[in-house]
Colleague: 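Please see the structure below; I have some questions.
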Amino acid sequence: MKKIFIFCLLFTCLNVLAQNKATIFSVKNTRPVDLVNVFLGSSADHGQMSPAASYPFSMLSIGPQTYPKTHTGYEYLAKKFLGFTHNRFEGVGCQGSGGNILIKPFLGAAPVKSELIKASEKAAPGFYEVGFENKIKAQLAVLGNAGKHFYHFPKGEKGFYLDLSYAFNGAFVSEEHQVNGNTVSGWVISKTTCGAGKYKIFYYLQLEGNSSWKDEGNHKLVVKLENSSTEENINIAFSSVSVDGAKSAINGSSYDKIKNQSGADWNIHLSKIALEGDMESAKLFYSLLYRTMQSPYVISDKDGQYRNTKGEIQKDKELRYNGWAIWDNYRTQLPLLSLITPERFQGMTNSIADLYNSGKRDYATQTEPSNTVRTEHAIVVLLDAYRKGYKVDFNKIIDSLTKEVNNLDYKSPDKALESSYDNWALSEIYNILKDTEKSGFYRKKALEYKTYWNRDFKDMSKRDVDQMQARGLYQGTIWQYRWFVPYDFKGLVKLDGGEEAYLAKLDEFFERDLYNHANEPDLQVPLMYNVTRQGYKSQYWMHQLAADTVIQNYFNDNSRGIGSYIGKIYRNQPHAYLRTMDDDAGAMSAWYIFTASGFAPACVGWPVYYLNVPLFPSITYQLPKGKSFKIETENFSLKNKYIKSVTLNGKAFKRNYITQEDIFAGGVLKINASPLPVKISDTANWISSVEE
């Protein structure tokens, strides 16, 4: 009896150990790509994400078009499908954009009478598959700017319906196409996100069978397939340059080969950050990391040709990109890409700089080479890239940079602070160019933020300070915008009456749950205790917002106090984010990736990152030339939110920040975590400052 008891006890212990081991993720035994949940944020207005088949930074993504839809054309809970479309801009608001070139498989003689009702679906990075009640099965995959549709049909009458005028929100403008037997090719012009401009994409679409397309007029085409056939393939590719460019990109490989190669390439990208830790947390991490690499889009053809925002054909050996949401993601996503995609980031930097040579506007031109959104603060991104070691020829674009800054708007309180940030960046750029006179001029212009701040943000006793859109604010409140002086926190503390008064206001801001994670204007505020002796409070709030329960009273539709949210913000499910919260082209996903890694940008324009306790015991950034930067957390527990001590490569590290240079040098950063805050610290605190 005793032996049986011991055996059972041993068996139970081994079983528990096996279960515990199974819940721990490591890139040594599991591929990151296999953890990604592409359905995260794909229901209602909780992120505006899509499960579409995609490829890193591809302008082509083939995804389901449901009824009803969300911003990206797909609603997780919807059963009825209209077909499949070939581009979308993820999480950028304005009811979405893209949705070009609708393909609908159908049974019978009339496409309109054939309903597609979802019976099953699955998807992962690189592919999307769905089965319908009528026994049609669709499998979609994307590799580069080329993709493949693979369909299974029952025997009988069937075909494909093609609508070249389809686009989200009536954004279609015009199109031209040619039909040549089993191929359709041409171009489509649609309005960009928010209808601010127009973009033109060239495409080549090829049915692998011998059936011929019939032009029905009004931008609609139909092809009837043989009654006996049960499988059909459609190949499609995009180009910013020409139909020939799209045709040359067509990939005739099998569906499985394209799907598997796309998955393998996604895994290479996702493996640039290697985790060890809780499996469920790792699933959330990699699902969000996946979202940070959807855009900007590669617009270069294989021969290096691309179109600029004037519509002119150019050529460059570096890949060129378009599809910007810079006002949204300059704070997080672009800084993250500067770390994890250095082989691409020079091309992105060149592409942003070239906007100043080809008609840059805050939103979009009338001749964009792809869908795009916003480019405010591009000047800050270029300064940031330069200071991180990327090449920027400021001499070539300085006149355009100056013209843009000279035309900035100061009419509302938020625009006054946003514009001052760009003035600071221009001052720094002129300093780099050794033009001290102009550097000084724009430094003074930047420091005029103090006048605007004293007028609108100093007195917080007014009745409208917690009201959305008060005093003409675009989004956010006076409370949320009062902290937006990232380049001069030292001056801001002084304006606020000194450190004690500053801390009192910052405490009040969080104690009253005035912070809004559903949008970007106050995204940096959780880090702002780092400029004081109470940096431990930043460590608390970064952890709390990323991984614990919070109260959120403000939403992205400019509402306040209507159905306040209590719970976690980041969740690995279709209702992923706060109600109305946009992922904004990876901006909010990148915020989580940084926080989970244990560091976050202190001020874009300076290559500096504030430290916090990571959400994993070990996380490694793979760097060029075989180097790596590893962050290890000693005494790891989700209850241990505070930094007790830090070492870098075995030596005591007495700073509350690291730099891009520290990271790219490689090594091991060890953070000793504690459940209790360290209220008396001897670290050197980084604080942005502009001297008059």
Side-chain angles (χ1 to χ4, degrees), residues 18-43 46-54 56 72 74 76 90-91 121-129 259 262-294 332-333 336 340 517 542-550 567-578 581 583 586-598 613-622 631 633 636-638:
Q19 289 178 356
N20 287 341
K21 187 176 181 180
T23 62
I24 300 301
F25 169 79
S26 172
V27 291
K28 296 173 184 176
N29 49 43
T30 307
R31 298 196 314 166
V33 71
D34 296 329
L35 272 60
V36 174
N37 174 17
V38 299
F39 294 101
L40 185 156
S42 64
S43 186
H46 288 263
Q48 303 177 13
M49 303 176 193
S50 166
S54 70
T72 58
Y74 171 88
Y76 179 77
E90 304 225 351
E121 70 180 335
K122 67 176 181 177
F127 79 92
Y128 174 86
E129 300 178 356
K259 168 187 169 182
S262 185
D265 290 354
W266 267 115
N267 192 61
I268 290 171
H269 279 72
L270 295 167
S271 297
K272 290 182 178 182
I273 306 180
L275 300 178
E276 289 187 11
D278 175 69
M279 178 65 79
E280 294 305 312
S281 297
K283 289 178 180 177
L284 174 62
F285 182 94
Y286 284 114
S287 298
L288 295 175
L289 181 60
Y290 169 72
R291 293 296 164 189
T292 70
M293 292 183 274
Q294 299 292 324
T332 53
Q333 188 242 12
L336 180 66
I340 64 174
H517 201 73
M542 295 297 282
H543 181 281
Q544 200 73 12
L545 291 162
D548 215 328
T549 298
V550 294
K568 290 185 178 182
I569 296 173
Y570 291 92
R571 296 165 291 169
N572 190 9
Q573 60 189 45
H575 280 63
Y577 286 168
L578 304 172
M581 180 173 163
D583 188 46
M588 293 310 202
S589 292
W591 185 94
Y592 177 90
I593 298 303
F594 270 125
T595 305
S597 301
V613 176
L615 300 182
F616 295 90
S618 175
I619 185 164
T620 303
Y621 278 64
Q622 306 298 341
I631 306 102
T633 306
F636 177 82
S637 168
L638 289 180

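Given the structure is predicted, the values throughout are model-derived calculations rather than measurements.
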Colleague: Would you confirm whether Ser42, through its side chain, and Tyr76, through its main-chain N or O, come within 3.5 Å as a donor-acceptor pair?
Modeller: no
Colleague: CG/Leu288 to CG/Asn572 distance, rounded to the nearest 0.5 angstrom?
Modeller: 7.5 Å
Colleague: My understanding is that only residues two or more places apart in sequence, or in another chain, count here; which of them pass salt bridge (Lys or Arg N to Asp or Glu O under 4.0 Å) with Arg571?
Modeller: none
Colleague: Which salt bridge (Lys or Arg N to Asp or Glu O under 4.0 Å) pairs, counting each pair once, include a residue from residues 281-292, with sequence neighbours left out?
Modeller: Glu90-Arg291, Glu280-Lys283
Colleague: Enter the distance from Asn267:CG to Asp34:CG here, rounded to the nearest 0.5 Å.
Modeller: 7.0 Å
Colleague: Check the pair Leu40, Leu284 against side-chain contact (heavy atoms from CB on, under 4.5 Å), reporting the backbone distance first and the verdict last.
Modeller: CA-CA 9 Å; Leu40 185 156; Leu284 174 62; 3.9 Å; yes
Colleague: If you apply the rule side-chain contact (heavy atoms from CB on, under 4.5 Å), what do you find for Ser618 with Phe636, and how did you get there?
Modeller: CA-CA 9 Å; Ser618 175; Phe636 177 82; over 6 Å; no
Colleague: Considering only heavy atoms from C-beta outward, does the side chain of Ile569 approach that of Tyr592 to under 4.5 Å?
Modeller: no
Colleague: Using a 6.0 Å cut-off, check whether atom NZ of Lys272 has over 12 heavy atoms from anything other than its own residue.
Modeller: yes
Colleague: Could you please spell out the steps behind the side-chain contact (heavy atoms from CB on, under 4.5 Å) verdict for Leu289 and Ile340?
Modeller: CA-CA 10 Å; Leu289 181 60; Ile340 64 174; 3.9 Å; yes
Colleague: When you measure from the side chain of Ser589 to the backbone of Gly586, do you find a donor-acceptor pair of N or O atoms at a distance under 3.5 Å?
Modeller: no
Colleague: Work out which heavy atom in Tyr286 is nearest to a heavy atom in Leu270; give both atom names and the distance.
Modeller: CE2-O, 3.4 Å
Colleague: Nearest 0.5 Å, what's the CG-NE2 distance between Asp548 and His543?
Modeller: 6.5 Å
Colleague: So how far is it from Met49 CE to Tyr577 OH, rounded to the nearest 0.5 Å?
Modeller: 3.5 Å
Colleague: May I ask you to check whether Tyr570 and His517 place their ring centers less than 6.0 Å from one another?
Modeller: yes
Colleague: Do Met588 and Thr332 come within less than 4.5 Å of each other through their side chains, counting heavy atoms only?
Modeller: no
Colleague: Between Met293 and Trp266, is there a side-chain heavy-atom distance shorter than 4.5 Å?
Modeller: yes
Colleague: How long is the span from the OG1 atom in Thr549 to the CD atom in Gln544, to the nearest 0.5 Å?
Modeller: 7.0 Å
Colleague: Any side-chain to backbone donor/acceptor pair from Gln333 onto Thr292? Under 3.5 Å, distance only.
Modeller: yes
Colleague: In chain order, what residues pass the side-chain hydrogen bond (donor to acceptor under 3.5 Å, both in side chains) check against Ser597, with sequence neighbours excluded?
Modeller: Tyr621
Colleague: Got a donor-acceptor contact below 3.5 angstrom from the Ser43 side chain to the His575 backbone?
Modeller: no
Colleague: Which pair of non-hydrogen atoms, one from Thr595 and one from Ala546, has the smallest distance, and what is that distance?
Modeller: CG2-CB, 3.7 Å
Colleague: May I ask you to test the His269-Val33 pair for a side-chain heavy-atom distance under 4.5 Å?
Modeller: no
Colleague: Before we go on, tell me: are the rings of Phe285 and Phe616 under 6.0 Å apart, centre to centre?
Modeller: yes
Colleague: Between atom CD1 of Ile631 and atom OG1 of Thr620, what is the distance when rounded to the nearest 0.5 Å?
Modeller: 7.0 Å
Colleague: Might you point out which heavy atoms bring Pro614 and Gly598 nearest each other, and give the distance in Å?
Modeller: CG-CA, 3.8 Å
Colleague: Minimum heavy-atom separation for Gln622 and Ala274, please, with both atom names.
Modeller: NE2-CB, 4.1 Å
Colleague: Compute whether any side-chain donor of one residue and acceptor of the other, for Ser287 and Asn37, lie under 3.5 angstrom apart.
Modeller: no
Colleague: Return yes if some donor-acceptor pair links the side-chain N/O of His46 with the main-chain N/O of Gly41 below 3.5 Å, else return no.
Modeller: no
Colleague: Where do Ser262 and Phe127 land on the side-chain contact (heavy atoms from CB on, under 4.5 Å) test, with the steps shown first?
Modeller: CA-CA 8 Å; Ser262 185; Phe127 79 92; over 6 Å; no
Colleague: Any side-chain heavy atom of Tyr128 sitting closer than 4.5 Å to one from Glu121?
Modeller: yes
Colleague: Between Ser54 and Gln294, does any side-chain donor sit less than 3.5 Å from a side-chain acceptor?
Modeller: yes
Colleague: Are any of the side-chain heavy atoms of Phe25 and Val27 separated by less than 4.5 Å?
Modeller: yes
